[in-house]
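Scroll down for the structure; my scribbles are underneath it.
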Amino acid sequence: MSLAPRLDIRQSQSLVMTPQLQQAIKLLALSNLEIEGFIAEEVERNPLLEASAAEDSDAPDREPAPEARDERVAADELVAGTGSGDEPTLDVDYATESHQQDSVADGGSGMDGALSMTGASAGGAGGEDGPDLDAFADTSLSLADHLLAQAGPAIPHEDAFIAAHLIDQIDEAGYLTVSLLDIANRLGVPLVRVEGVLATIQTFDPTGVGARDLAECLALQAREADRYDPCMARLIDNLDLLARGELTRLKRMCDVDDEDMADMIRELRGYDPKPGCRYGGEPSQSVTPDLFVARTKAGWAIEINASTLPRVLVNRSYYTELSGGQQDKASKAWLSDCLASANWLVKALDQRQRTIIKVATEIVKQQEAFFLKGVAHLRPLTLRQVADAIEMHESTVSRVTSNKYVSCARGLYELKYFFTSAIQSADGGEAVSAQAVKSAIKALIDTEGAKILSDDTLVELLNAKGFDIARRTVAKYREALGIGSSVQRRRAKALEGVR
């Protein structure tokens, strides 16, 4: 075996993720709002990039929006890095389609005789003159701030640190989540002192705050309402019997008749089991649609919500001005990199919109019955079915449908909502969507009336409707809908009858 140094030539294959490829993949998975933040960062970093509102069109010295150019790149080829300018478009007829629509009602040519697709960058709703809905957001104090404000004048100065620690341990529902003994040991103070501070906190607004369990929370509210007599105390101490509907046993324990028991239960129903939820917490986050789907005379109109997606422009005049001056080699290389990066970002954003439109169009084709008739007509659908239909990779479809919402006449839905598993038909017909089965289960339970339907009965009724489904699947879907078992619903009906 020779130990002398030598040169060998080997041939191998490897997949290289270029920065441009990584950026294109990243953009596919981002929502419109996330894209807006990404564009803002890129504009700050690259002096040749400018972002403008979707309505702006007077930019003579800037590169026009990609949708107005003839350069088209297929989505998968863009991701693969092999796209060229003369490739066929992504399911778009550029001879008949307009790419600067203002709304879904502006129309467009038909697609396969049923579907039409308006501009990928067509506008959404709202303008600068519209009302600022954020101004109506809840600006109330958090529960902790509300309690600390009351603790100032009510708690002695020497116990203020104990009160602050106790309030910090109260959760959003208003319950104390740590034992008093642990707090006393942690702060190095007597347990009776901590109990005294907690007793003061339990007198604060909202009534019931600082309780350690549901029974104590209800007892505090009953005392505040001057209803905490021995009978009510026994009822609150035996909430488990009330939950099981053992009213006869409770009447015997509380030594009351039917009328008094009904009055006590009615009183309990008027109390708040989570008093802290009235204050603070995380503000509700509104969901902004990424796509609009609407029915038109020509078919279905599908468009990107451009109100959350600014146009990205390349400032050619600024590039000419910078490149015309005296520059060293490093500066010229940096300027060229900025121009290449800007051009690539514009192209990648353009292709992202076209890919989203193409995937959404296929989803509307597959789920047209849902958009026309509702969730009961939702078809089973997988990512692979859509990917095969539009000749893209399954991972591309997965990225496109992540964190994106579509607004239609039936409401706001995540694109992932339209991908559901299949349930076989009992008569051997076409399989149905799991969402359709859940909808049928909910409809049956909502109309069950006084006769509570067991899971076995639900299976029989669903089989009669043509759903071949097992009892354990019915139970799983029922629990996913947040619906209790037949025993739990029967107890709830019994308690509702006590008035």
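Every heavy atom of this structure was used, including side-chain atoms; hydrogens, water molecules and symmetry mates were not.
With a 4.5 Å cut-off on side-chain heavy atoms, V312 and D350 do not count as touching. Counting heavy atoms from C-beta on, the side chains of L242 and L268 come closer than 4.5 Å. In this structure the side chain of F419 reaches within 4.5 angstrom of the side chain of V386, judged on heavy atoms. Residues Y228 and L220 are not in side-chain contact: their nearest non-hydrogen atoms beyond the backbone lie 4.5 Å or more apart. Contact check for L378 versus Y417: side-chain heavy atoms found under the 4.5 Å cut-off. The closest side-chain heavy-atom distance from D159 to I162 is below 4.5 Å. A 4.5 Å side-chain heavy-atom check between T401 and I363 finds at least one atom pair inside the cut-off. Inter-residue side-chain proximity for L372 and H377 is flagged as unmet; no heavy-atom pair is nearer than 4.5 Å.
Between E368 and K373, none of the side-chain N atoms (NZ, or NE/NH1/NH2) sits under 4.0 Å from a carboxylate O, so this pair counts as no salt bridge. A salt bridge between E448 and R489 is present, with a side-chain N of the basic residue lying under 4.0 Å from a carboxylate O of the acidic one.
With sequence neighbours left out, R234 forms a salt bridge (charged side-chain N to carboxylate O under 4.0 Å, His left out) with no residue at all. Judged as a side-chain hydrogen bond (donor to acceptor under 3.5 Å, both in side chains), and not counting sequence neighbours, D229 has no contacts. With sequence neighbours excluded, the residues satisfying ring-ring contact (aromatic ring centres under 6.0 Å, His included) with F371 are W300, F418. By the side-chain contact (heavy atoms from CB on, under 4.5 Å) test, A470 pairs with R472, T473, sequence neighbours left out. By the side-chain hydrogen bond (donor to acceptor under 3.5 Å, both in side chains) test, H165 pairs with R186, sequence neighbours left out. Every residue two or more places apart in sequence or in another chain that forms a side-chain hydrogen bond (donor to acceptor under 3.5 Å, both in side chains) with D205 is listed here: H146, Y279. Scanning for side-chain hydrogen bond (donor to acceptor under 3.5 Å, both in side chains) contacts around Y271 gives E267, with sequence neighbours left out. Remark: A360 engages L291, I302 in a side-chain contact (heavy atoms from CB on, under 4.5 Å) (not counting sequence neighbours).
In terms of heavy atoms, L383 sits closest to S398 at CD1-CB, 3.9 Å. Nearest heavy atoms, P273 versus L214: CB-CD1, 3.8 Å. For L453 against T457, the heavy-atom pair with the smallest separation is CD2-CG2, 3.8 Å. Pairing each heavy atom of L27 with each of R352, the nearest pair is O-NE, 3.0 Å. A pairwise comparison of heavy atoms in I357 and T361 identifies O-OG1, 2.7 Å as the closest pair. Closest of all the heavy-atom pairs between G174 and I170 is C-CG2, 3.5 Å.
Around the CG atom of D240, the shell of radius 6.0 Å holds more than 12 heavy atoms that belong to other residues, nucleotides or ligands. For E224, the CD atom sits in a loose shell: 12 or fewer heavy atoms of surrounding residues, nucleotides or ligands are nearer than 6.0 Å. Counting non-hydrogen atoms of other residues, nucleotides and ligands closer than 6.0 Å to CD of Q22 gives a total above 12.
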Handout entry: Stepwise side-chain contact (heavy atoms from CB on, under 4.5 Å) test for R471 and L458
Key = CA-CA 8 Å; R471 182 185 181 279; L458 288 173; over 6 Å; no
Exercise for the section: Show your reasoning for whether side-chain contact (heavy atoms from CB on, under 4.5 Å) applies to V406 and L412. Expected result: CA-CA 6 Å; V406 57; L412 188 66; over 6 Å; no
Handout entry: Chi angles and distances behind the side-chain contact (heavy atoms from CB on, under 4.5 Å) call for Q385, E362
Key = CA-CA 10 Å; Q385 287 178 263; E362 183 60 31; over 6 Å; no
Practice task
Determine, stepwise, if the pair T355 / L28 fulfils side-chain contact (heavy atoms from CB on, under 4.5 Å).
Solution key: CA-CA 8 Å; T355 306; L28 279 178; 4.2 Å; yes
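With D182 contributing its side chain and V178 its backbone, the two residues share no donor-acceptor pair below 3.5 Å. Looking only at distances, no side-chain donor or acceptor of N305 sits under 3.5 Å from a matching main-chain atom of F292. S486 places no side-chain N or O within 3.5 Å of a backbone atom of I452 that could act as its donor or acceptor partner. No side-chain donor-acceptor contact under 3.5 Å links D263 to the backbone of E259.
The CZ atom of R223 lies 12.5 Å from the OG1 atom of T207; values are rounded to the nearest 0.5 Å. How far CG of L176 is from CG of D213: 10.5 Å, rounded to the nearest 0.5 Å. I265 CD1 to L247 CG: the interatomic distance, rounded to the nearest 0.5 Å, is 5.0 Å. Remark: L147 CG to L143 CG distance equals 4.5 Å, nearest 0.5 Å. Rounding to the nearest 0.5 Å places CG of L415 at 10.0 Å from CG of N403. Note that CE of M264 is 12.0 Å distant from NZ of K251, once rounded to the nearest 0.5 Å.
Residue pairs meeting the salt bridge (charged side-chain N to carboxylate O under 4.0 Å, His left out) criterion with at least one partner in residues 19-36, sequence neighbours excluded, are absent. Sorted by first and then second residue, the salt bridge (charged side-chain N to carboxylate O under 4.0 Å, His left out) pairs with a member in residues 393-416 read R384-E394; sequence neighbours excluded. The stretch residues 473-485 participates, sequence neighbours left out, in these salt bridge (charged side-chain N to carboxylate O under 4.0 Å, His left out) pairs: D455-R478.
With hydrogens and angles left out, the side-chain atoms of E216 and Q202 include a donor and acceptor closer than 3.5 Å. In the model, S454 has no side-chain atom that pairs as donor or acceptor with a side-chain atom of D456 under 3.5 Å.
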Show me the donor-acceptor pairs within less than 3.5 Å that the side chains of residues 436-444 make with the rest of the protein, sequence neighbours left out.
residue, atom, partner, partner atom, Å
K442, NZ, D446, OD2, 2.9

